[in-house]
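Taking it in order: structure first as structure tokens, then the write-up.
The structure presented is a predicted model; accordingly, all values stated were derived computationally and were not measured. Nothing fancy with the numbering, it's 1 onward along the sequence. No hydrogens, no waters, no symmetry mates; every other heavy atom, side chains included, goes into these values.
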Amino acid sequence: RGLVSASCVVAWLHEHRDLLGDKLSQPIDSIRPPSPSPVVTARASDRAIDAFALMTRHHINGVAIVDAAGKLVDTLSIRDLKGVESDGSLFHRLFGTVKEFIHHLHNASYFKTRATRPRTPKTLRAGAGVTLGEVMEMLNASKVHQLYVVDGDGIPTSVIALNDIIKCILQ
């Protein structure tokens, strides 16, 4: 209580979107600076520990998970580390593939013993030209923190986070 998070701010903006005027109908790429670097990805066949290491190396909270063709299939976030349990008893899961690690998260005992909802596939995607309003609607409705923009082949080209929404509104 008392903490104002980016998701709280975006939820408030969504609730009061009538105050934002025509900004919501603008393509988000026209009002936000392009991503400074490519989307950080890991393959579903990579070891989970290597995907988490990418997050550390790039100072980010999540990576796009792609298949062998580079198409977006899921996302892995730092919050998913709870899948190794607080006592470390499931640490060995980090040495399996990302696909296996995510599969275990869907059935994790963490979710069965705590008042928390199970992890569900949470990868949001949109095509080029997505508007600020559409992004805000998707992020607010899904309660996730980022959305991937994908090309016609499903390959992630950029990532839009809650903080990007706030920056766009403040410009």
Does [X] reach the side chain of [Y], with side-chain heavy atoms less than 4.5 Å apart?
| X | Y | answer |
| --- | --- | --- |
| L132 | Q26 | no |
| V130 | M138 | yes |
| D67 | R43 | no |
| D80 | S77 | yes |
| D46 | T97 | no |
| Q146 | L162 | no |

From [X] [atom1] over to [Y] [atom2], what is the distance, rounded to the nearest 0.5 angstrom?
| X | Y | atom1 | atom2 | answer |
| --- | --- | --- | --- | --- |
| N140 | W12 | CG | CH2 | 13.0 Å |
| M136 | L139 | CE | CG | 9.5 Å |
| L81 | L94 | CG | CG | 6.5 Å |
| I165 | H145 | CD1 | NE2 | 12.5 Å |

Under the 3.5 angstrom rule, does the side chain of [X] hit a backbone N or O of [Y] as a donor-acceptor pair?
| X | Y | result |
| --- | --- | --- |
| T41 | V66 | no |
| H14 | V10 | no |
| T131 | P27 | no |
| Y148 | S158 | no |
| K23 | G133 | no |
| R125 | V149 | no |
| D151 | D153 | yes |

Nearest heavy-atom neighbours spanning [X] and [Y]:
| X | Y | value |
| --- | --- | --- |
| V39 | A64 | CG1-CB, 3.9 Å |
| I28 | I160 | CG2-CD1, 3.5 Å |
| A42 | V63 | CB-CG2, 4.3 Å |
| V9 | V4 | CG2-CG1, 3.7 Å |
| D74 | I102 | OD2-CG2, 3.4 Å |
| A126 | L147 | CB-CD2, 3.9 Å |

side-chain contact (heavy atoms from CB on, under 4.5 Å) evaluation trace for L20 with I169: CA-CA 8 Å; L20 301 175; I169 298 296; 3.7 Å; yes
N61 atom CG: more than 12 heavy-atom contacts under 6.0 Å: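 Counting other residues, nucleotides and ligands, CG of N61 stays at 12 neighbours or fewer.
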Would you list the atom pairs, donor with acceptor, under 3.5 Å between side chains in residues 48-56 and any protein atom, with sequence neighbours excluded?
from, atom 1, to, atom 2, distance (Å)
D50, OD1, R47, NH2, 3.1
D50, OD2, R47, NE, 3.0
T56, OG1, F52, O, 3.4

Path from I155 to L72 over hydrophobic side-chain contacts below 4.5 Å: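 I155 does not cluster with L72.
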